[in-house]
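Structure, as structure tokens:
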Amino acid sequence: MIERLYSSEINPSMHGREVSVAGWVHEIRKLGGIAFVVLRDREGFVQITMPKKEVSRDVFKGLTSLSKESVVVVKGVVRAEPKAPNGYEIIPKEYRLLSRAEQPLPLDPTGKVKANLDTRLDNRFIDLRKHEIMAIFKIRSEVLHFAREFFRSRGFIEVHTPRIISTSSEGGAELFPVAYFEKEAFLAQSPQLYKQMLMATGMDKVFEIATYFRAEEHDTVWHLNEITAIDSEIAFIESEEDVMEVIENLVYYIMKNLSESYEKELKKLGVEIYPQKPPFPRIEYKRALEILEENGYILPYGEDLTTEAEKKLGEVMKDEGYDLYFITKYPIKIKPFYTMPEENGLSRAFDLEFKGREIVSGSQRIHEYELLVKMIKAKGLRVESFENYLKAFRYGMPPHGGFGMGLERFIMQLLNLKNIREAVLFPRDRKRLEP
RNA sequence: GCCCUGGUGGUGUAGCGGCUAUCAUUCGGGACUGUCACUCCCGAGACUCGGGUUCAAAUCCCGACCAGGGCGCCA
């Protein structure tokens, strides 16, 4: 490794010490007899100061004539200096150019000139050089870290189910076909059927950080064709209430830890997180319609909430002091076949809403073979194509339930991003397959 | 898939029948010893594509392509 310190690892008390720093040339300011080169690394910025009389001619000339965004490693002496941005600066002795950046740049990494999201995504590697953009992905990494920590502390086993499957997981959603030798196969739209099958193994509690592929031609700030989900399935539950208890504690755990230990990154994004303590409010579907009606939105019973209605409900709940709340007891007819039905045409399915948008969907599942077959038929699906799944229900299947949480949606709502694409390094949507 | 809006230097913009096409940033050259969006001087760089209307089109009309937003579906 090239020996160096991050900008954040140096401080004024190291005055007089010789150090090496490496990074991208962020800015160069020449003032005649003195020049400043600002280097950017992962953690921040470091100012290289060059009074003409204190550095060699070669170093002065070399560093001040670099093209912006070139990568260099600079060796020099730390000087405590109140006038410098971090309270210290580095007087260079020697430097090495590791990579010269071409000009002009396709995007301004200093953020002086704002770029469209499309331009940014086309040049994502430069876009990510902006610390506030990189912060999104540092936070994303932490969300997954805390999620794993939470699940492990509760005895969940992390699993991986196939991404290449032979038939539709749930019907409904469109699948991407792939050529699989002499057979036709598809990219998995979710781990749903596999994680349920694992409930017949005695693993009891599993989770998976899964990629979902959706071939739907949606085109919004809220949909992607390749997404990441935090998926989980839990056996021996009494009802969907046991699943919701896990979710609210998971979300609280993530938000609480982020707000406590990740203040710096959140500040870069101008975001404050207010962890909402469990239990989160439960609003039955029927009650949600009533609340909407009281606010002027009349929706037909038995249909999913429209986007507008969902947002309105979000505003109403916000006024009551809640960002997070469950909508429960959905009509069975708008939920997938594996959902546990209840009396009166209802079901044990729920969604978790975050600032007026759905981020989690879950339910208690059917664990009785006969009922499951009946529901598959009722949805007009072919029982034969679910044979391998159904088999797991004939030889001892405990009651169970689970959920899937859209990671990008969670990040988007958490950080108040305007477009879900901002929460993915290299998003895949209806039109974008590159980079 | 449907509806609305828009495509001007590398990037972001102004202009909306006749301009040498605006401004910022950027890039090249020069001056400057404490900058931190340094400042100042000189220079470089653009009207998405194809038809049409007109004496004249970046500007109006049609189409294509691309993009942004909304809806539906979902996580």
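Labels below follow one simple rule: chain letters A, B, ... track the order of the sequence lines, proteins then strands, and each chain is numbered from 1. Note that this is a predicted model, so its numbers are computed, not measured.
Applying the 3.5 Å distance criterion, the base of G10(B) shares no donor-acceptor pair with the side chain of E102(A). The base of C74(B) does not come close enough to the side chain of R357(A) for any donor and acceptor atom to sit less than 3.5 Å apart.
Within residues 274-308 of chain A, the residues approaching RNA chain B are D304(A), T306(A), T307(A), by heavy-atom distance under 4.0 Å. Listed in residue order, the members of residues 117-142 of chain A having a heavy atom less than 4.0 Å from RNA chain B are D118(A), T119(A).
Annotation: C36(B) and C4(B) have their C1' atoms spaced 44 Å apart (nearest Å). Nucleotides G34(B) and G28(B) place their P atoms 24 Å apart, quoted to the nearest Å. Separating the C1' atom of C40(B) from that of A56(B) is a span of 41 Å, rounded to the nearest Å. As rounded to the nearest Å, C16(B) and A58(B) have C1' atoms that lie 9 Å from one another. Going from the C1' atom of U22(B) to that of A14(B) covers 5 Å, rounded to whole Å. Between G63(B) and A24(B), the distance separating the two P atoms is 38 Å to the nearest Å. Taking atom C1' in both G12(B) and A67(B), the straight-line distance is 15 Å, to the nearest Å. Separating the P atom of A57(B) from that of C47(B) is a span of 16 Å, rounded to the nearest Å.
Counting to the nearest Å, the P atom of A31(B) and the CD1 atom of I34(A) are 17 Å from each other. Between L105(A) atom CG and U11(B) atom P there is a gap of 11 Å when expressed in whole angstrom units. When rounded to the nearest whole Å, the span between NZ of K112(A) and C1' of U26(B) equals 9 Å. Note: CG (D429(A)) to P (A67(B)) measures 8 Å, nearest angstrom. Computed from coordinates, the E208(A) CD to A75(B) P distance equals 16 Å when rounded to whole Å. As rounded to whole Å, 15 Å separates atom P of A75(B) from atom CD1 of I230(A). Taking atom CZ on R409(A) and atom P on C73(B), their separation rounds to 12 Å, with Å as the unit. Across the protein-nucleic acid pair, F176(A) atom CZ and C74(B) atom P stand 17 Å apart, rounded to whole Å.
When the options E216(A), E226(A), E217(A) are evaluated for a salt bridge (charged side-chain N to carboxylate O under 4.0 Å, His left out) with R430(A), the one that passes is E217(A). Of the residues Q413(A), K318(A), K355(A), the one that meets the side chain to side chain donor-acceptor pair (under 3.5 Å) test with D323(A) is K318(A).
Within 4.0 Å (heavy atoms only), K68(A) reaches sugar-phosphate atoms of the nucleic acid but no base atom. Heavy atoms of E69(A) sit nowhere under 4.0 angstrom from any nucleic acid atom. E217(A) comes within 4.0 angstrom of a base, heavy atoms only. Here K53(A) lies in heavy-atom contact (under 4.0 Å) with a base. In this structure, Q47(A) reaches the bases: a heavy-atom distance under 4.0 Å links it to at least one base atom across the strands shown. Looking at heavy-atom distances under 4.0 Å, A229(A) makes no contact with the nucleic acid at all. Using a 4.0 Å heavy-atom criterion, one finds that K114(A) contacts the sugar-phosphate atoms exclusively. Heavy atoms of R79(A) sit under 4.0 angstrom from at least one base atom. Within the 4.0 angstrom heavy-atom criterion, base atoms lie near I227(A). No engagement by V38(A) is indicated, since no non-hydrogen atom pair under 4.0 Å with the nucleic acid exists. Contact annotation for A84(A): base contact, defined as any heavy-atom pair under 4.0 Å involving a base atom. Nucleic acid contact class of K311(A) (heavy atoms, under 4.0 Å, all strands): sugar-phosphate only.
The ring of Y338(A) has its center no closer than 6.0 angstrom to the ring center of Y389(A). Aromatic pair F176(A)/F213(A): centroids not less than 6.0 angstrom apart.
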Between protein and nucleotides 3-6 of chain B, what N or O pairs are separated by less than 3.5 Å?
none

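The aromatic rings of Y330(A) and Y285(A) lie tilted to each other, with the angle between the two planes from 30° to 60°. Note on ring orientation: taking the six-membered ring where Trp is involved, the planes of H131(A) and F45(A) are perpendicular (angle over 60°, cut-offs 30° and 60°).
Between K83(A) and E89(A) there is no salt bridge, since no side-chain nitrogen of the basic residue lies less than 4.0 Å from a carboxylate oxygen of the acidic one.
Using modelled atom types, one finds a donor on one side chain and an acceptor on the other under 3.5 Å when comparing E208(A) with T161(A). In the model, D58(A) has no side-chain atom that pairs as donor or acceptor with a side-chain atom of S56(A) under 3.5 Å.
Checked by atom type and distance alone, the side chain of Q103(A) pairs as donor or acceptor with a backbone atom of K68(A) at under 3.5 Å. Side chain of E408(A) to backbone of T228(A): a donor-acceptor contact under 3.5 angstrom is found.
The nucleotide whose nearest atom lies closest to any side-chain atom of I420(A) is, among A75(B), G12(B), G34(B), A75(B). In the set C27(B), G34(B), A75(B), the nucleotide with an atom closest to the side chain of Q103(A) is C27(B). Nearest nucleotide to the side chain of K30(A), out of G72(B), C32(B), A75(B): C32(B). Taking only side-chain atoms of V113(A), from C-beta outward, the nucleotide of U11(B), C27(B), U33(B) with the closest atom is U11(B). Set against C71(B), C32(B), C73(B), the side chain of E216(A) has C73(B) as its closest nucleotide. Closest to the side chain of P85(A), from the set C36(B), C74(B), G34(B), is C36(B).
Annotation: side chain of N86(A) is not in contact with side chain of Q47(A) (no heavy-atom distance under 4.5 Å). Side-chain contact between T49(A) and E81(A) is absent, with no heavy atoms from C-beta onward closer than 4.5 Å. With contacts defined as side-chain heavy-atom distances shorter than 4.5 Å, the pair W222(A)/M412(A) qualifies.
G9(B) is unpaired under the criterion used here, namely a Watson-Crick or G-U wobble arrangement in which both key atom distances are under 3.5 Å. Under the Watson-Crick or G-U wobble criterion, with both distances below 3.5 Å, U35(B) is left unpaired in every strand shown. When Watson-Crick and G-U wobble pairs are counted only if both distances are under 3.5 Å, G72(B) pairs with no nucleotide at all.
I327(A) and L305(A) make their closest contact through CD1-CD1, 3.6 Å (heavy atoms, listed as atom of the first residue, atom of the second, distance). For T64(A) against K61(A), the heavy-atom pair with the smallest separation is OG1-O, 3.3 Å.
The residue among S67(A) and K431(A) whose nearest nucleotide of RNA chain B lies closer to the 5′ end is S67(A). With the nearest nucleotide of RNA chain B identified for both I359(A) and L107(A), L107(A) has the one nearer the 5' end.
Within the structure, every side-chain polar atom (N or O) of N116(A) is placed at least 4.0 Å from both OP1 and OP2 of U11(B).
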